[in-house]
Every structure is written in C-alpha cells, then in structure tokens.
Amino acid sequence: MASAPASSAAPPRRVVICGGGVVGACTAYFLSTHAASPTVPTLVEKSSPACAASGKAGGFLALDWSDSTPALSALARASFALHGRLAAALDGANAYGFRPVHTLSFCLPSQPTELASPHPLLPSWVDPSASAAPPRVLGTPDTTAQVHPGLFTKAVLAASGAEVVIGEVERVVVREGRVVGVAVKGRGVVDADAVVLALGPWSGRFDLVKEVFDVSGLKAHSIVLRPGNPDKITPHCLFLSYQPEPGAKMLDPEVYPRPTGEVYICGMSKDEEVPDDPATIVGEPESIAMLHKIAGRVSSQLKAEEGAEVVAEQACYLPCTNDGLPVIGEMPGVKGCYVATGHSCWGILNAPATGAALTELILDGQAKIVDLTPFSPARFLKKKSRR
C-alpha cells in the first residue's frame, strides 16, 4: 500500500533541507538522483554536517530486527537494501567502511571468570573470561552490516551535489497555509517550494512542529578506541548484558569494530534536555569511565595499559517520539513542509529509505518504496483531540 498523494501539482523546484545529519543527507541524495525530476536541494546546517548523532552513532545495520513492528519492518528492510545499493554506487567499502558483519550476544560477568578454553563462537580478540556462557548468534553477514556513520553521511551529502549553507534556521515561513521558505539567522529568507525539517531532536524547536507532536532527546555516550594490534580485530559486533555489581542496574553495552581498526563502544544513556548547540555536547565522566571499564573487560586489547589509544570520548542525542515510531511526512495544515525525525537508535539504518520515501512524496506526490501512513505526523492530531 502506498501513501496517499500529497498533491497533483507540478513537483517543487526549490527544496530546502534543514539539518545536515544522515536523514537530511540521504534526502538530498535521493532528490538529486530522482529519475524523472532530479532536484538538487539547498541544505542548511547550523554547525557542520554529521556534527551530532549522525557522526557519533555506531552505524550498525540490521535487516530484520524490527520485524515485530510491521511498519518499522518495512522501513528497515527497504533501507537495509538501499544501504547495499548505495555502497555499490558510492564505493562504500572504501569511502565509509560499509561491510557485512557477524553479530553475537553474550552476558559479561560481573567478576572475571577463568575458562579452560574459549567458546568456538567467541572471536579470538575477545578475552575468554568475557563470556561465562556460550554466545548467541544475533545476525550473520547476510542480515547485519555496518557503516562509519559520519563518513557515510558526508559521502552521501557530497554525492548529492547539494548547496550546503552554514546557518541557523529560525523559522519556517508560511503564507496562506503553504511554505514559501525558511528564515536563516543573519541571512534573511531562503525561498523554497518545499522544506524538509530533518534536525533530529532539534526539529521540535519549531512552533509548527511543537503544535503537533513532541520529540525529545536521549543522551547516548560512546568511546572510540584504537587497539595496539588492530589487524587482529575481526568484524564481529557484540551486544552485551552487564551488571557492574550485584543489585546494580543491568546495562546493555554494544561493541562495534570498524574496518579502520577502531573499536566503537556505547551503552550508557539517559533522558536529558537537548542543548541549543550540538557543538557544546560532552560526555559525562562517570558514563565514559564505565564504557572504558566494559571495554577492558571484553578484551585486554581495548585497555589503555595494553596500548589501546583513545580516539574519542563523546555523547550525542537520539531523537525519540512518544509512540516510539519515527515521524516522516507532510506537516498537517502546511503544504510543502515535510518532517523526518524520531528515528531513535535506528537513524543510520533507516535514513536511506526515509530519504527515498520523502523524495517520492515531494516530487511524485506519493511514496512508493514504503508506506508512510504509520509515520505521518497527522497521527498525533487524533491523540491530541482525545485529550
């Protein structure tokens, strides 16, 4: 089932994308490569492309992990396939570290346990004491993959040919119920026939968005390490369960080796107010310290005393909605104003299908690659009317 046509009018020729993250970049790419109406957009970004979650995320991709939610399953499966096509078109393996991966899950003991021999499924770079029980296979190279999110975002954006404007969008300019541009601080109004709001958790700063739905930020911490012997790190992504001490909260850290030789570790998050400027976001020392502890427990090669170099200690904000689904579609009551946000931890995975579907909606009047009805911002109007 396809989404209902947005309009039967001629496709817009001046499209402005607000937000230089992965969703904005993918939307720019598919707009510029549209078969019938290629449209090179203008992209306005406050700081720099991929400066927030799109540059600090893990970049893990999964084909079927959203299958329990039909709408998300369709989006994820379409997007996983698009990641493969993009990697082929843009030399993703070399340009941004695209590769299939093995994916395992195991419980990291609170206290190290010495085993006579490691389980055969456990990668050789993982210490045998890191898993007291056999690992569980979560994904194979056919169903899981990875990209370096920052490099992916920048590669896709560069391939789009979009004009990138560094500036802060203050408001969407609307006349008689139709978008006519965006007001950029210090630059005046940038004219547009269509506007895409793809600013992650900052999308909720606009009045026309706040009036319809809420988008909040989940602060997620991560570290990036370069082990002393990176060639020994195999492409195995690890999803762990870890209780630091008896009675403590269970943590769900994740470990993603990258083809660059770096290893990305995340898993400490909290609800927190999103700051105005993404450049000011820093990680909290206790969360960063816990990630280092976990890294060292997983592999001695990830310990500083064993020669591991700290590449990054960082944090970002994942955009979340009240019902757990992303918001993708035209804003009710404002023709030509589109929104794409709320992807939570699956933004890197689902950005290509989101950008492709929005492109179809904007230029063709109808999204065909995936049904956008479950993601429409109009769904929140019904909920608000019941209050």
Side-chain angles (χ1 to χ4, degrees), residues 22 53-54 56-88 92-93 96-108 118-128 130-149 151-152 220 222 224 230 232-242 250-267 269 291 294-295 298-299 302 318 324 326 343-354 370:
V22 68
S54 297
K56 299 174 182 177
F60 179 76
L61 313 175
L63 170 69
D64 53 5
W65 287 24
S66 298
D67 280 358
S68 60
T69 305
L72 279 178
S73 175
L75 185 69
R77 285 176 171 270
S79 216
F80 190 86
L82 283 177
H83 268 290
R85 286 167 47 189
L86 287 169
Y96 51 81
F98 174 87
R99 66 175 178 181
V101 296
H102 298 271
T103 306
L104 302 174
S105 171
F106 57 85
C107 183
L108 193 65
H119 190 277
L121 281 179
L122 208 62
S124 59
W125 55 273
V126 176
D127 291 351
S131 178
R136 187 163 60 98
V137 175
L138 296 182
T140 70
D142 291 327
T143 61
T144 53
Q146 71 177 151
V147 297
H148 184 299
L151 297 179
F152 171 70
S222 59
V224 181
K232 294 185 177 181
I233 309 298
T234 56
H236 287 80
C237 290
L238 310 178
F239 285 73
L240 311 175
S241 297
Y242 176 58
M250 288 294 296
L251 304 178
D252 299 304
E254 300 163 17
V255 180
Y256 305 146
R258 289 173 169 168
T260 56
E262 299 171 345
V263 180
Y264 175 98
I265 302 102
C266 65
S269 60
L291 290 176
I294 290 167
V298 170
S299 173
L302 301 181
L318 307 178
H343 292 76
S344 187
C345 62
W346 292 112
I348 307 300
L349 167 64
N350 288 328
T354 297
V370 65

Checklist entry - What pair of heavy atoms forms the shortest contact from L122 to D127, and how long is it? => result CD2-O, 3.8 Å
Next on the checklist: Between H119 and S131, is there a side-chain donor-acceptor contact under 3.5 Å, judged purely by atom types and distance?
Outcome noted: no
Item to check | Contacts of type salt bridge (charged side-chain N to carboxylate O under 4.0 Å, His left out), residue E262, not counting sequence neighbours | outcome: R226
Next on the checklist: For L251, give me all partners under side chain to side chain contact (heavy atoms under 4.5 Å, CB included), at least two apart in sequence or on another chain.
Outcome noted: Y242, P244, P253, M268, M290, I294
Next on the checklist: The criterion is side chain to side chain donor-acceptor pair (under 3.5 Å); which residues satisfy it with H236, sequence neighbours excluded?
Outcome noted: T234
Next on the checklist: Quick one: does any side-chain atom of S241 pair with a main-chain N or O of C107 as donor and acceptor, under 3.5 Å?
Outcome noted: no
Checklist entry - Taking the side chain as C-beta and beyond, is there a heavy-atom pair between F98 and L61 under 4.5 Å? => result yes
Checklist outcome for this item: Sorted by chain and number, sequence neighbours left out, side chain to side chain donor-acceptor pair (under 3.5 Å) with Y96 holds for none
Checklist entry - G267 and L291: which non-hydrogen atoms are nearest, and at how many Å? => result N-CD2, 3.9 Å
Next on the checklist: Pair H343, T354 - check side chain to side chain donor-acceptor pair (under 3.5 Å), show working.
Outcome noted: CA-CA 10 Å; H343 292 76; T354 297; 2.9 Å; yes
Checklist entry - What heavy-atom pair brings I348 and V147 nearest, and what distance separates the two atoms? => result CG2-CG2, 3.6 Å
Checklist entry - Under the side chain to side chain donor-acceptor pair (under 3.5 Å) test, which residues partner S299, sequence neighbours left out? => result none
Checklist outcome for this item: Residues passing the side chain to side chain contact (heavy atoms under 4.5 Å, CB included) test with A130, sequence neighbours excluded, are F106, L108, V126
Checklist entry - Is there a donor-acceptor pair under 3.5 Å between the side chain of S79 and the backbone N or O of L349? => result yes
Next on the checklist: Treating Y264 as the side-chain partner and K56 as the backbone partner, does any N or O pair qualify as donor plus acceptor under 3.5 Å?
Outcome noted: yes
Item to check | Inter-residue atom distance W125.CH2 - L238.CG, 0.5 Å rounding | outcome: 4.5 Å
Checklist entry - Is it true that a side-chain atom of Q146 and a backbone atom of P257 form a donor plus acceptor pair closer than 3.5 Å? => result yes
Item to check | All ring-ring contact (aromatic ring centres under 6.0 Å, His included) counterparts of W65, not counting sequence neighbours | outcome: F60, F239
Item to check | Residues forming a side chain to side chain contact (heavy atoms under 4.5 Å, CB included) with S66, sequence neighbours excluded | outcome: L72, A76
Checklist outcome for this item: To the nearest 0.5 Å, atom CH2 of W346 lies from atom CG of L318 at 12.0 Å
Next on the checklist: For residues 72-81, which residue pairs pass the salt bridge (charged side-chain N to carboxylate O under 4.0 Å, His left out) check, not counting sequence neighbours?
Outcome noted: D67-R77
Checklist outcome for this item: Residues passing the ring-ring contact (aromatic ring centres under 6.0 Å, His included) test with H83, sequence neighbours excluded, are F152
Item to check | Gap between atom OG of S105 and atom CG of D252 - 0.5 Å precision | outcome: 9.0 Å
Using atom types as modelled, flag every donor-acceptor pair under 3.5 Å from a side chain in residues 136-143 to any protein atom, sequence neighbours excluded.
residue, atom, partner, partner atom, Å
T140, OG1, D142, N, 3.2
T143, OG1, T140, N, 3.0
T143, OG1, T140, O, 3.4

Checklist outcome for this item: Taken in chain and number order and not counting sequence neighbours, the residues that satisfy side chain to side chain contact (heavy atoms under 4.5 Å, CB included) with S54 are V22, A50, T153
Checklist outcome for this item: Closest non-hydrogen atoms of L121 and P135, given as atom of the first, atom of the second and distance, are CD1-O, 3.8 Å
